[in-house]
Number of protein chains: 4
Amino acid sequence: MAKVLAVHDRREQLLDAALAVFSAEGYSAAKVSDIVGRAGVAQGTFYLYFSSKQEVMLALFERFQAALIEARRAPDQVAPATPAQLRAAMLEKTRAILRAAFAHRPLAALFMKEAMGADPELAGRLREFHQRMADLSEQGLRQAAAAGLIRPVDPRVAALAINGAWERVLTDCLLCSPTDPDVDALAEQIVSLQLDGLIARPTQER
Amino acid sequence: MAKVLAVHDRREQLLDAALAVFSAEGYSAAKVSDIVGRAGVAQGTFYLYFSSKQEVMLALFERFQAALIEARRAPDQVAPATPAQLRAAMLEKTRAILRAAFAHRPLAALFMKEAMGADPELAGRLREFHQRMADLSEQGLRQAAAAGLIRPVDPRVAALAINGAWERVLTDCLLCSPTDPDVDALAEQIVSLQLDGLIARPTQER
Amino acid sequence: MAKVLAVHDRREQLLDAALAVFSAEGYSAAKVSDIVGRAGVAQGTFYLYFSSKQEVMLALFERFQAALIEARRAPDQVAPATPAQLRAAMLEKTRAILRAAFAHRPLAALFMKEAMGADPELAGRLREFHQRMADLSEQGLRQAAAAGLIRPVDPRVAALAINGAWERVLTDCLLCSPTDPDVDALAEQIVSLQLDGLIARPTQER
Amino acid sequence: MAKVLAVHDRREQLLDAALAVFSAEGYSAAKVSDIVGRAGVAQGTFYLYFSSKQEVMLALFERFQAALIEARRAPDQVAPATPAQLRAAMLEKTRAILRAAFAHRPLAALFMKEAMGADPELAGRLREFHQRMADLSEQGLRQAAAAGLIRPVDPRVAALAINGAWERVLTDCLLCSPTDPDVDALAEQIVSLQLDGLIARPTQER
DNA sequence: CATGAATGAGTGTTCATTCAT
DNA sequence: TATGAATGAACACTCATTCAT
């Protein structure tokens, strides 16, 4: 039973099983025996590919982080020079993140649920992740401010607020709605709120 | 040793000890023996006041939720009728929440760290909490929209975005800065972002 | 089942059970579950009294060492001044050690069997034990040499040889003979060999 | 990697690796994976040459035993007839044993450390080994006694004492001194102690 | 009310051994 | 012969919970 697989495949198989189990039970309630049971391999096999339960979790987090950070960073080498470019850029970022999250839905759901309480090592990684996301947003805001595209605000606070906004919207969708939402519409709303604010205005330039 | 205390006091004493231990170790790594050790009572005494480790955690969550929901809901019976009233109201809410969080800093930090991964029961309570907070925000937005104070947006998405914004700012302060920030300034920034948006405008009313 | 006992008694009970199990199975093959099973207590109880399997073994070794070292050292404050006194002193030492060993027969048998292979920590203790025994013997020989009672020999080598002699005799008795031998006769033979040697002599003064 | 070797060589290679690992870690802490790692062959290869971890240990013990027993037995066909011949014979035996031990130092050190605790099967072999060594010594003593060369002593006890003496001296050297001692001088001291005893005598014949 | 010794089910991890290639 | 991935039984240790005093 459980034929010999290429190293990479067996690892993926175990990662998939771990993701399923962690999602269903939570990290600390998840048992290694559940993971191997789901993967259909023996207990010992797990430890050929991961040195501990913690390590699978961290490996899954790498997957998650890679997907989201990549999406956040990707095609943004040109600093926007006009309000329209800024809006387009923010829209693109937001869309990319939401898409990445829904493309890896179980993974994203897992790390929106499991937080810094699960494991000290993971807590550190999560903190780093949030810092890095905030740094990226802050940097974008500084560019936009330098170009006179946005009004003067504390860029750190604004960056955190921006990220918090899509995080909570995302979390809500991931945890509460079984079907993926219209990501483009969602992104548009979020960006519009961030750029234009809520206030009703006589002339809504845009 | 450990004099007989009024039931209420002994319970509080255990809750305080539990808060300290959960904060230091995280929920699942925290041991009941640590809690009673810190409280200076015997192992068995714990179970005179709580039926399980989970129950203390839930009791602490009640404290947390009471503080935040109370702050969020408090003096808001009059629907704002002008932009200035709306801004004042939102400012007041945001301030109240941040103040409550910093007034119960360890509690707030605990529940910003520990998330839905810790315990299924707690996960449910947290979900409810977020729903209730979102409901309150959404309701406020609907009123404001009805009064024509804000432009037409999806109130649920906007509510989530608003809450996510202060949540992340708050989390960042709680976890990264050892000293309490200037809550009023912070609230002002957050509300300004939410109402006015980021876009630089020729005439910045207000 | 298994009533509450005085701390000291429960500890002794576990030490006795551990001794029996270690003797029967050997240290590394012995299971903690065997020990608690034999003691009639629950698995967890073991860890209320010892922090690890290793620790019981070391505690047993303390018992062993205390008994033997005490026997070796005890009533020997006066340096012998005549051949007869020297012989009497050595006889007394040898008797005392053998008696102590047979008085704690299972303990002695255990540590004659288990050697430095069992556990690194125990190996260190055993090494120390042998050194200390050799030191005591060496010291006695130096005194005797200073008093002109023995011929000039390397005292370290002689001390090791003396100790090795009774150790092997003892080990042989412990492992091969189910009943205790005549300790006095044995001691007499050993000491006679050590003092007089094997050589047949015309006049055997003594 | 790891070319096909003659069966004998591959076996030796594994034995050498096993000796190194057992010496470094002790029998029970040693892992088969360490042994094959050190030998540079695959895990499965081990089981082509040995049926179990125990078996390598026993094979090493055969090496050890062969060396020592051979040394002990070797050129001793003529019963000594004079005190000088007896002394020469004992000296030769003792030298031979010590030389053999230091010629196979790691092997000897291993089996002086690992004792009867390591493995039941090995314990039996060790017991046999000691019996055989004692038998050989006893037989020599009986011959010497029959020839009137030694005074009447219990030959078993004397044999054990004699063997215990060089065993402990040997063990001490193996474990405590990194460099080989002067085996001839050592043997001379040991034999002198055994034949002449410690007592200072007016006329020291010899 | 309070104690704290006792419980025992539960779990991560190890490692000798096997066997399909 | 040689490989090394896979196996799975085994075991030390933990800790929430109970209950006799």
Side-chain angles (χ1 to χ4, degrees), chain A residues 1-7 9-10 28-36 39-56, chain B residues 1-7 10 28-37 40-56, chain C residues 1-7 10 28-36 39-55, chain D residues 1-7 10 28-37 40-56:
Chain A
M1 191 179 306
K3 304 198 33 175
V4 173
L5 247 59
V7 165
D9 293 349
R10 176 62 33 103
S28 58
K31 288 173 272 178
V32 172
S33 68
D34 294 339
I35 297 174
V36 297
V41 300
Q43 194 94 353
T45 304
F46 178 90
Y47 290 91
L48 294 176
Y49 296 89
F50 303 98
S51 64
S52 65
K53 178 179 156 185
Q54 183 191 239
E55 219 200 62
V56 227
Chain B
M1 175 181 325
K3 300 197 44 177
V4 173
L5 254 58
V7 166
R10 175 61 42 100
S28 59
K31 291 176 266 181
V32 172
S33 67
D34 293 339
I35 298 173
V36 297
V41 301
Q43 196 93 354
T45 304
F46 179 90
Y47 290 90
L48 295 175
Y49 295 90
F50 303 96
S51 67
S52 68
K53 177 179 155 183
Q54 191 196 74
E55 218 199 63
V56 228
Chain C
M1 191 179 306
K3 304 197 35 177
V4 173
L5 248 60
V7 164
R10 177 61 34 104
S28 60
K31 290 173 270 180
V32 173
S33 68
D34 294 339
I35 297 174
V36 296
V41 301
Q43 192 96 355
T45 304
F46 178 89
Y47 290 91
L48 294 176
Y49 295 89
F50 303 98
S51 65
S52 66
K53 178 180 155 184
Q54 184 192 238
E55 219 201 61
Chain D
M1 174 182 322
K3 301 198 40 178
V4 173
L5 253 59
V7 166
R10 175 60 41 100
S28 60
K31 291 177 264 179
V32 172
S33 67
D34 293 339
I35 297 173
V36 297
V41 302
Q43 196 95 353
T45 305
F46 179 91
Y47 290 89
L48 295 175
Y49 295 89
F50 302 98
S51 65
S52 67
K53 177 180 157 183
Q54 190 197 75
E55 218 199 63
V56 228

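Chain identifiers are assigned alphabetically (A, B, ...) following the order of the sequence lines, protein sequences preceding nucleic acid strands; residue numbering begins at 1 within each chain.
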Please figure out whether C/Gln43 or B/Gln54 has its closest DNA chain F nucleotide nearer the 5' end. C/Gln43
On DNA chain F, check which nucleotide each of C/Ser28 and A/Gly44 is closest to and give me the residue with the more 5' one.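 Nearest-nucleotide comparison on DNA chain F picks A/Gly44.
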Using a 4.0 Å heavy-atom cut-off across all strands, classify [X] as base, sugar-phosphate, or nothing.
X	answer
D/Ala30	sugar-phosphate
B/Ser52	sugar-phosphate
C/Tyr49	sugar-phosphate

For [X] and [N], is the shortest distance between a side-chain N/O and OP1 or OP2 below 4.0 Å?
X	N	result
A/Tyr47	E/dT13	yes
D/Thr45	F/dT3	yes
C/Arg10	E/dA5	no

For D/Phe50, all residues meeting ring pair (Phe, Tyr, Trp, His ring centres under 6.0 Å), sequence neighbours excluded: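 Checked D/Phe50 against ring pair (Phe, Tyr, Trp, His ring centres under 6.0 Å); matches are D/Phe46.
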Let me know the distance between [atom1] of [X] and [atom2] of [N], rounded to the nearest Å.
X	N	atom1	atom2	result
D/Asp34	E/dA16	CG	C1'	12 Å
C/Lys31	F/dC13	NZ	P	15 Å
C/Ile35	E/dG8	CD1	P	18 Å

Taken to the nearest 0.5 Å, the spacing of B/Arg10 CZ from B/Thr45 OG1 works out to 6.5 Å
Counting side-chain heavy atoms from CB outward, which of E/dT7, E/dT13, F/dC11 is closest to A/Lys53? E/dT13
Choosing from E/dG4, F/dT7, F/dT14, which nucleotide comes nearest the side chain of A/Leu48?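 Nucleotide nearest to A/Leu48's side chain: F/dT7.
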If a pair means Watson-Crick or G-U wobble with both distances below 3.5 Å, what does DNA chain E look like in dot-bracket form, with | marking bases paired to a different strand? .||||||||||||||||||||
I need the minimum non-hydrogen distance between D/Lys53 and D/Ala30, along with the two atoms involved.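 Taking D/Lys53 first and D/Ala30 second, the nearest heavy atoms are NZ-O, 2.8 Å.
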Whichever of D/Val32 and A/Phe46 has its nearest DNA chain E nucleotide further upstream toward 5':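 The residue whose closest nucleotide sits nearer the 5' end is A/Phe46.
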Using side-chain heavy atoms (C-beta onward) and a distance below 4.5 Å, is B/Tyr49 in contact with B/Val56?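 No, their side chains stay 4.5 Å or more apart.
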